> 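Before I ask anything, here is the structure I am working with.
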Protein chains: 2
Amino acid sequence: MHALNIIIIIITVGLPARGKSYIVKKLRRYLNWLQYETRVFNVGNLRRVNEASQQHDQSANFFDPDNTDMKRIRDDLAIQVLDQMIDWLKQGGRVGVHDATNSTVERRKLLIDRLRKEPEIKVLILESVCTDKMVLERNFRLKLFGPDYKDRDPAEALLDFKSRVDNYERAYESVGDWEEEQDIQFCKLINVGKKVIAHNISGYLSGQCIFYLMNFNLAERQIFITRHGESMDNVTGRIGGDAPLSEKGRKYARALERFVSQQRASFAYDLASRKVKEEDDWRSYGLEPLDGKKESETIDTRTTQEKIDAKAKELSSGQFTVWTSMLKRSMATAANFDPDVYDIKHIRFLNEINSGMREGMSYEEIQRFYPEEFHTRQSNKLYYRYPGMGGESYIDVIHRLQSMIIELERMTQSCLIVTHRVVMRIILGYMLDWSQKEMPHMLVPIHTVYELRPKPYGTELKKWQYIESVDSFVEF
Amino acid sequence: MHALNIIIIIITVGLPARGKSYIVKKLRRYLNWLQYETRVFNVGNLRRVNEASQQHDQSANFFDPDNTDMKRIRDDLAIQVLDQMIDWLKQGGRVGVHDATNSTVERRKLLIDRLRKEPEIKVLILESVCTDKMVLERNFRLKLFGPDYKDRDPAEALLDFKSRVDNYERAYESVGDWEEEQDIQFCKLINVGKKVIAHNISGYLSGQCIFYLMNFNLAERQIFITRHGESMDNVTGRIGGDAPLSEKGRKYARALERFVSQQRASFAYDLASRKVKEEDDWRSYGLEPLDGKKESETIDTRTTQEKIDAKAKELSSGQFTVWTSMLKRSMATAANFDPDVYDIKHIRFLNEINSGMREGMSYEEIQRFYPEEFHTRQSNKLYYRYPGMGGESYIDVIHRLQSMIIELERMTQSCLIVTHRVVMRIILGYMLDWSQKEMPHMLVPIHTVYELRPKPYGTELKKWQYIESVDSFVEF
């Protein structure tokens with residue numbers, strides 16, 4: 001099913017503060033995880049080191065659309081970057097992203113005309129548009145804490161930044177009629193996926209990109225990932241199988257339930273404090289809070305603490321899913337979660353890699369009896385497939401986890417995933433952007449919990465280890 | 001990952017001849033196959049048997065938007081159908097489709113207001129728009145052969161039908177601003193999936209529907225499906241395993257290659273004849289052919305036969321994919337296909353159902369040693385999961401074939417699928433709309449080829465049986 005010989009160039013379109021670089025980073029991470037080597041080529045970075053443009057002042061004047069000399073230099077840069085991308089794709093890259101505002105039809109025509117000489121490269125235009133005033137306002141306000149506005153009055157600085165953006169917008173030509181006439185494959189993401197317009201999508205890979213981009217959201221949440229508690233096979237060092245938990249494993253399972261429920265409560269409290277304080281902050285700057293609710297007619301007489309407590313209670317009552325594989329050791333690890341409080345799901349896709357004819361053996365035995373096989377696997381774990389019916393490689397497991405990753409991106413609520421070594425490496429590989437080289441070799445011991453929080457700039461990670469002697473978790 | 005307790009109402013919007021019923025039928029088939037019980041409720045059907053509306057003339061006058069009495073009757077009907085749907089969903093249905101033109105905001109508001117009383121039901125508005133003149137023209141021309149225009153001059157009849165449609169269009173209000181303001185989940189399909197606009201899609205099931213609808217196409221093609229040739233396990237009657245082909249099986253593999261390549265050539269010839277003749281027909285009616293090419297300046301001096309031959313040659317040189325599972329008997333069955341001519345892919349998702357601890361046994365043995373298990377499986381094959389690690393149910397296999405079905409819909413070229421009994425039942429179940437009751441029990445013997453051709457009205461099927469004594473295939 002996987003597109004083995006497709007190469008593709010994604011041309012981004014969008015004004016600053018529209019979430020473009022967020023989207024591009026996420027997409028690059030997903031495609032690399034699917035083993036389509038993907039690289040982002042940023043035009044601005046080249047501009048900053050480019051000789052021709054360094055001879056000129058790079059302030060607003062450089063970007064003035066009526067300044068034809070400067071326009072020529074900018075167009076040359078865009079084409080130079082495109083040429084670099086084409087070279088890289090011809091040397092084995094799979095997806096190149098031309099990361100620039102590319103905000104006029106004339107510019108996009110220039111790029112498309114150059115690409116007509118490369119019929120083996122498919123093109124996808126990806127535009128990010130933001131019309132949601134609340135999101136824009138939030139993005140803008142973040143700029144107030146940046147270098148340009150540091151010591152200025154926030155309300156005044158905000159006005160100034162908005163008028164800057166207005167200037168950008170005047171020359172902007174959204175993707176649309178021209179691209180439709182030319183039958184170009186494009187996707188417009190409006191308000192970070194709230195509305196999506198897809199045109200002429202025909203390739204497997206483009207379809208996957210768009211399905212992915214349609215399914216993510218910006219909700220703040222916790223994603224906990226752990227391996228099952230110690231199993232009888234862990235004790236004897238055998239791989240595969242379907243052994244029950246050991247006594248230690250059962251102890252871990254009990255501690256895990258306590259730990260997750262406590263982390264969940266403290267997350268709700270932190271988020272509530274942050275939201276209540278942010279509102280108070282904006283008010284102190286003379287700006288309305290962002291959540292759309294105006295100060296009510298009757299004055300809110302609650303203290304800040306009372307507001308936080310109420311909000312935290314509301315947040316912590318939300319849904320929370322516990323996913324496990326369908327193997328005994330994984331289901332038993334989640335057995336202490338109350339089904340009235342947690343939404344518990346056992347799914348086959350989270351099962352451990354199938355080690356085919358080597359199920360039930362220890363690594364020592366494989367090394368002793370099948371030294372060549374052992375060596376081949378060590379030198380290329382990603383592609384090595386265990387012999388025998390059903391035997392899988394890391395790549396096989398990635399493919400079966402694809403729909404799980406989409407589901408993780410789509411969900412707005414927090415969750416816990418209880419799974420196995422290889423599956424955990426692969427899910428963490430996606431979340432933490434591990435390279436294909438390192439991913440199959442990362443240490444992910446049992447009785448360890450990874451707590452992930454997706455953020456606009458990447459994924460925040462906390463690692464916790466269960467210490468049996470004190471029967472609790474410590475950060476490490 | 002699967003949405004276990006979501007129920008959803010899809011409200012269709014669209015003028016006649018816009019492919020609406022085609023899309024709805026396809027979507028119903030896909031959702032039923034995924035085991036979400038789906039039913040289409042057609043408002044027109046109720047109107048035709050409804051007392052209040054039978055008292056009135058049901059010609060164009062009935063549909064006149066300015067005729068308020070008639071409008072009230074039509075609105076009542078729409079709400080009656082909606083109430084039926086809600087009842088059905090409350091009795092266990094999962095997806096109900098409100099199939100009507102629903103062409104004004106006022107009408108849609110009426111339906112949405114009624115649904116506000118049912119907060120557990122999600123709503124998805126699905127609009128089909130056609131602006132592609134060629135597609136519309138083709139849909140219109142099909143009407144010329146219908147009852148209304150049977151004995152009339154085609155060119156004149158076409159003009160008449162077009163002016164009818166113009167009347168419809170005047171009152172039409174496309175899905176858009178109102179739905180966005182109300183934050184309603186909707187999807188607009190423009191020109192049968194060429195362009196897709198999705199708004200506020202948040203549920204798992206809605207996301208799956210839209211991904212599916214984004215990925216289908218109308219290209220004429222052949223899909224061949226067969227089980228592997230006879231294996232050594234077939235000879236001894238064992239299930240599962242990874243046995244090689246028997247001598248008979250190898251003979252079948254050779255015959256299969258000859259058969260497919262011959263069917264492929266004759267399909268190209270048929271399609272070429274049909275296209276060339278259709279063009280000639282339109283010319284004889286005094287209408288331009290539809291393919292967009294005008295008669296060239298220099299007159300085409302080729303005979304009809306020469307034109308057909310040239311077109312057939314062009315069509316038969318297109319890509320053709322051969323998919324097999326990763327089991328020996330399936331790969332060996334495709335071993336005679338020349339990789340220079342066919343695009344050959346081995347994929348794990350096409351492997352046979354995993355029979356867990358019962359791999360390698362015969363049905364007689366299972367019945368003898370595990371009579372209760374045997375009985376449980378016979379009485380509910382769909383949900384029965386084989387015991388032991390990796391053991392699967394039909395439902396499990398459906399889930400792993402989901403991406404294969406999407407790929408089959410996305411591909412424009414012809415293909416052959418070589419797989420196994422359960423997988424073949426499930427793929428045919430989708431293509432041929434078999435009910436969940438019959439699907440697990442359908443006979444799909446080895447050495448049989450199903451040839452499917454997706455058509456606007458359903459799937460055309462030919463069944464072929466390999467007769468060893470004459471070493472060739474006969475239709476049955």
Side-chain angles (χ1 to χ4, degrees), chain A residues 1-5 131 180 183 186-188 190-191 193-204 207-208 210-211 214-215 217 240-242 323 326-328 343 345 347-352 354 359-360 385 388-393 395-396 399-400 402-404 406-408 410-412, chain B residues 1-5 131 180 183 186-188 190-191 193-204 207-208 210-211 214-215 217 240-242 323 326-328 343 345 347-352 354 359-360 385 388-393 395-396 399-400 402-404 406-408 410-412:
Chain A
M1 218 106 46
H2 290 265
L4 279 175
N5 27 31
T131 60
E180 288 193 31
D183 237 10
F186 72 75
C187 177
K188 279 167 97 102
I190 300 158
N191 301 328
K194 173 93 172 183
K195 184 172 167 187
V196 176
I197 301 176
H199 176 257
N200 208 23
I201 305 301
S202 57
Y204 172 81
Q208 292 295 324
I210 284 149
F211 188 50
M214 273 179 67
N215 275 290
N217 72 82
D242 194 14
W323 312 85
M326 292 188 61
L327 298 170
K328 287 190 198 108
D343 179 22
K345 287 178 178 159
I347 61 168
R348 164 177 305 275
F349 291 157
L350 287 172
N351 280 12
E352 182 54 317
N354 186 320
E359 286 275 322
R385 176 179 284 142
M389 232 185 55
E392 288 179 307
S393 66
I395 298 286
D396 293 330
H399 290 164
R400 73 161 141 98
Q402 202 175 345
S403 53
M404 176 84 215
I406 298 281
E407 188 58 12
L408 268 184
R410 191 191 68 74
M411 295 172 66
T412 51
Chain B
M1 219 109 47
H2 290 265
L4 280 175
N5 26 29
T131 60
E180 289 193 30
D183 237 10
F186 71 76
C187 177
K188 277 165 98 100
I190 299 158
N191 301 328
K194 173 92 173 185
K195 184 171 167 188
V196 177
I197 301 176
H199 176 258
N200 207 23
I201 304 301
S202 58
Y204 171 82
Q208 293 295 325
I210 283 148
F211 188 49
M214 274 179 66
N215 274 290
N217 72 81
D242 194 14
W323 313 84
M326 293 189 61
L327 298 169
K328 287 190 198 106
D343 179 22
K345 288 180 177 155
I347 60 168
R348 165 178 304 274
F349 290 158
L350 288 172
N351 281 11
E352 182 52 317
N354 186 320
E359 286 275 321
R385 177 179 283 141
M389 231 185 57
E392 288 179 308
S393 65
I395 298 287
D396 292 330
H399 291 165
R400 74 161 139 98
Q402 202 175 345
S403 55
M404 176 85 215
I406 297 282
E407 187 60 11
L408 268 184
R410 191 191 67 75
M411 296 174 64
T412 52

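Each chain gets a letter, A, B and so on, in the order its sequence line appears, and its residues count up from 1. Any value given below was found using the heavy atoms of this structure, including those in side chains, with hydrogens, waters and symmetry copies removed. Just so it is clear, the structure is predicted and the values come from calculations on it, not from any experiment.
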> Quick check for you: among B:Met214, B:Arg385, B:Glu359, which has the greatest number of heavy-atom pairs under 4.5 Å with chain A?
B:Arg385
> Under a 4.5 Å heavy-atom cut-off, does chain A meet the side chain of B:Asp183, its backbone, both or neither?
side chain
> Taking only residues two or more places apart in sequence, or in another chain, which ones meet A:Asp242 in a salt bridge (charged side-chain N to carboxylate O under 4.0 Å, His left out)?
A:Lys328
> Does any heavy atom of chain A fall under 4.5 Å from the side chain of B:Ile406, the backbone, both, or neither of them?
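For B:Ile406, no heavy atom lies under 4.5 Å from chain A.
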> Could you tell me which residues satisfy side-chain hydrogen bond (donor to acceptor under 3.5 Å, both in side chains) with A:Thr412, sequence neighbours excluded, listed by chain and number?
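side-chain hydrogen bond (donor to acceptor under 3.5 Å, both in side chains) check on A:Thr412 returns nothing, list empty.
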> Heavy-atom pairs under 4.5 Å with chain A: which of B:Lys188, B:Met411, B:Arg410 has the most?
B:Arg410
> Please determine, among A:Gly207, A:Gly193, A:Cys187, A:Ser202, the option with the most heavy-atom pairs under 4.5 Å with chain B.
A:Ser202
> Between the main-chain N or O of A:Gly240 and the side-chain N or O of A:Glu352, is there a donor-acceptor pair closer than 3.5 Å?
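Between the backbone of A:Gly240 and the side chain of A:Glu352 there is no qualifying donor-acceptor contact (under 3.5 Å).
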> With a 4.5 Å cut-off on heavy-atom pairs, point out which of A:Met389, A:Met326, A:Glu180 contacts chain B the most.
A:Met389
> Working to the nearest 0.5 angstrom, can you tell me the gap between B:His199 NE2 and B:Ile197 CD1?
11.0 Å
> Could you check whether any side-chain heavy atom of B:Glu392 comes within less than 4.5 Å of a side-chain heavy atom of A:Arg348, counting everything from C-beta outward?
yes
